[in-house]
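A, B, ... follow the sequence lines: proteins, then strands. Residue 1 opens every chain.
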Number of protein chains: 2
Amino acid sequence: MARILLVEDDTSMGFLLVDFLETNGFDVKLYKDGIKGLEAFKNHSFDFCILDVMLPGMDGFSIAENIRQVDKRIPIIFLTARSMKEDKIKGFNLGVDDYVTKPFDEDELLLRIKAILNRLQLQEEDQETEFTIGQYTFDSSNQMLTLGDDSKRLTQKESDVLKMLCKSMNNIVRREDILVAIWGENDYFHGRSLDVFIAKLRKYLKDDTSVNIENVPKVGFVLNT
Amino acid sequence: MARILLVEDDTSMGFLLVDFLETNGFDVKLYKDGIKGLEAFKNHSFDFCILDVMLPGMDGFSIAENIRQVDKRIPIIFLTARSMKEDKIKGFNLGVDDYVTKPFDEDELLLRIKAILNRLQLQEEDQETEFTIGQYTFDSSNQMLTLGDDSKRLTQKESDVLKMLCKSMNNIVRREDILVAIWGENDYFHGRSLDVFIAKLRKYLKDDTSVNIENVPKVGFVLNT
DNA sequence: TAATCGTTGTTAACGCGTTGTTAAAATCGG
DNA sequence: CCGATTTTAACAACGCGTTAACAACGATTA
């Protein structure tokens with residue numbers, strides 16, 4: 001159960017979020033201004049931060065800077081007004097993991113949080129980087145796909161996509177989940193990118209006919225062995 | 001379309017709310033005092049309650065207590081005066097889902113209602129995904145219907161319909177409910193689509209004669225095993 | 001009983017959105 | 001600047017879901 005630091009000055013929005021996140025299995029602490037939030041961060045160990053950008057006292061970006069001085073790797077999600085430009089957010093070179101514009105869909109926020117946690121878990125826990133795909137072996141940490149003597153070094157994204165498919169071997173992996181986890185956004189163009197990568201992976205995997213990547217229309221893909 | 005029980009003694013506020021909620025696709029019944037509201041609750045099936053705390057006859061908290069005796073899970077939102085302390089509301093250990101202070105922003109109320117409804121849907125959907133249908137097994141998360149060695153990957157809508165039938169196995173599932181849940185609206189053409197999908201499912205399920213999808217004319221379908 | 005009407009069963013054809021695939025353009029990294 | 005990688009574009013192919021068409025059935029009349 002991940003511990004989340006939430007800094008949000010609007011009371012009703014704050015409660016709404018706390019409630020929602022708690023029912024989804026997170027341990028949430030809410031602070032209404034940046035000073036207190038930052039203080040809390042220093043005194044407790046959180047796994048995750050969700051910061052409103054517009055705050056009295058100290059804005060979200062400043063909090064993030066301070067948090068980053070303490071912990072360089074903790075995931076941070078910003079809540080921003082829709083009017084705020086992407087550039088401005090990305091411009092803050094703080095290793096921001098994601099941001100969500102208000103008013104936002106709670107499920108979308110949850111999806112993003114889970115995607116980030118998954119990503120981190122992968123980095124931390126996944127010693128299991130070796131997958132067997134029919135007669136192939138795939139070493140995701142080396143991005144290496146091997147069939148007999150033939151080895152092919154995959155690119156980063158090729159490897160990321162294949163790894164997601166491998167982790168749910170013979171099960172549907174949702175387009176949406178792949179896009180959010182790897183690209184961070186689920187829109188038309190990234191969707192087309194995914195299709196391109198699926199085509200590449202199919203080409204790499206074509207030498208074992210017992211292996212195939214199946215499309216489930218409008219839902220996602222299955223790596224069948 | 002969720003059915004909402006609204007108990008509010010102030011006439012103008014009441015009409016305002018009814019109007020607003022109805023234009024947002026809810027089916028709202030308004031009662032001006034707690035006794036009638038409670039009575040209505042017992043006689044009808046509501047999905048949601050919005051209760052004013054200050055009421056003549058029986059206050060909102062008392063109604064909530066009584067409602068909880070009938071239905072332990074139904075979402076309740078309180079309308080409270082701003083002056084009322086948080087503690088007092090949360091103190092009522094009634095499983096109150098949310099509260100809104102008057103005067104309130106209608107959009108905020110809508111947001112809260114939707115959030116709660118979403119949450120409920122999530123909780124419901126996250127339930128079991130594996131069903132046994134006679135000799136078949138149906139894995140709704142993988143959209144896979146299996147009989148012995150034979151597996152058939154269903155399309156999304158096929159899977160959605162079958163899942164609804166499975167969740168009420170041997171019970172009537174109303175046409176209207178399926179149409180609203182899966183197609184979003186209940187009109188002639190979507191109704192015919194549903195019939196087409198029922199025909200497809202019957203074909204998929206024909207190899208176990210103990211399984212059948214029964215039509216209940218003008219009402220819906222039953223998946224019998 | 002026969003005729004009519006509304007509902008459902010079933011199959012098939014069509015349109016259109018999604019996906020497959022390749023190639024060009026853009027971006028990234030050194 | 002170059003090569004590698006990713007994104008975007010373009011077009012082909014496919015298949016899902018809708019719609020149509022007709023058959024079957026039960027209920028309701030006369």
Query raised in the report: What orientation do B:Trp183 and B:Phe197 show, parallel under 30°, tilted 30 to 60°, or perpendicular over 60°?
Result: perpendicular

Report task. Please report, rounded to the nearest Å, how far the C1' atom of D:dG15 is from the CZ atom of B:Arg153. Result -> 15 Å

Query raised in the report: Between A:Arg175 and A:Asp195, does at least one N-O distance fall below 4.0 Å, as a salt bridge requires?
Result: yes

Requested in this report: Give a yes-or-no answer on whether the side chains of B:Ser151 and B:Thr146 include a donor-acceptor pair shorter than 3.5 Å.
Outcome: yes

**Report entry** Closest heavy-atom pair and its distance - A:Leu201, A:Glu158
**Finding:** CD2-O, 3.9 Å

Report summary line: B:Lys157 atom NZ is separated from D:dG15 atom C1', nearest whole Å, by 14 Å

Query raised in the report: Would you say the side chain of A:Asp47 lies within less than 4.5 Å of the side chain of A:Phe26, judging by non-hydrogen atoms?
Result: no

Query raised in the report: How bent is the helix from C:dT1-D:dA30 to C:dG30-D:dC1, comparing axes over its five end pairs at each side, to the nearest 10°?
Result: 40°

Query raised in the report: Distance only, no hydrogens: is a donor on one side chain within 3.5 Å (strictly under) of an acceptor on the other, for A:Gln156 and A:Asp160?
Result: yes

Query - Base-contact (B) and sugar-phosphate-only (S) positions in nucleotides 3-13 of chain C, heavy-atom cut-off under 4.0 Å, - elsewhere - result: ----SBBBB--

Can you pull every protein N or O that's under 3.5 Å from an N or O on nucleotides 23-26 of chain D?
none

Report task. Check whether any side-chain nitrogen or oxygen of A:Trp183 sits under 4.0 Å from OP1 or OP2 of D:dT7, and answer yes or no. Result -> yes

Query raised in the report: Is there a salt bridge (charged side-chain N to carboxylate O under 4.0 Å, His left out) between A:Glu176 and A:Arg174 once you walk through the steps?
Result: CA-CA 5 Å; A:Glu176 189 187 4; A:Arg174 298 183 175 283; over 6 Å; no

Query raised in the report: Could you state the CD1-P distance from B:Ile178 to D:dG17, rounded to the nearest angstrom?
Result: 15 Å

Requested in this report: Round to the nearest Å and state the distance from A:Glu158 atom CD to D:dT7 atom P.
Outcome: 11 Å

Query raised in the report: Below 4.5 Å, heavy atoms only, C-beta onward: do A:Ile198 and A:Leu165 meet side chain to side chain?
Result: yes

**Report entry** Atom NZ of B:Lys200 with >12 non-hydrogen neighbours under 6.0 angstrom
**Finding:** yes

Query raised in the report: If you look at every strand shown and take non-hydrogen atoms under 4.0 Å, does B:Thr155 touch a base, only sugar-phosphate, or nothing?
Result: sugar-phosphate

**Report entry** Rounded distance (Å) that lies between atom C1' of D:dT6 and atom CG of A:Leu201
**Finding:** 14 Å

Report task. Provide, to the nearest angstrom, the distance between the CG atom belonging to A:Leu179 and the C1' atom belonging to C:dT18. Result -> 14 Å

Query raised in the report: Residues two or more places apart in sequence or in another chain: which of them pass ring-ring contact (aromatic ring centres under 6.0 Å, His included) with A:Tyr136?
Result: none

Report task. Please report, rounded to the nearest Å, how far the P atom of D:dC16 is from the NE2 atom of B:His190. Result -> 18 Å

Report task. Measure up the A:Phe41 and A:Phe46 rings against each other and bin them: parallel (under 30°), tilted (30 to 60°), perpendicular (over 60°). Result -> parallel

Query raised in the report: Hey, does A:Gln156 reach any base, or is it just sugar-phosphate, or nothing, if we go heavy atoms under 4.0 Å?
Result: sugar-phosphate

**Report entry** Donor + acceptor pair across side chains of A:Asp139, A:Ser141 (<3.5 Å)
**Finding:** yes

Report summary line: Sorted by chain and number, sequence neighbours left out, salt bridge (charged side-chain N to carboxylate O under 4.0 Å, His left out) with A:Glu214 holds for B:Arg153

**Report entry** Validation row: B:Lys29, B:His44 side chains within 4.5 angstrom (heavy atoms)
**Finding:** no

Using a cut-off of under 3.5 Å, enumerate the N/O to N/O pairs linking the protein to nucleotides 24-30 of chain C.
none

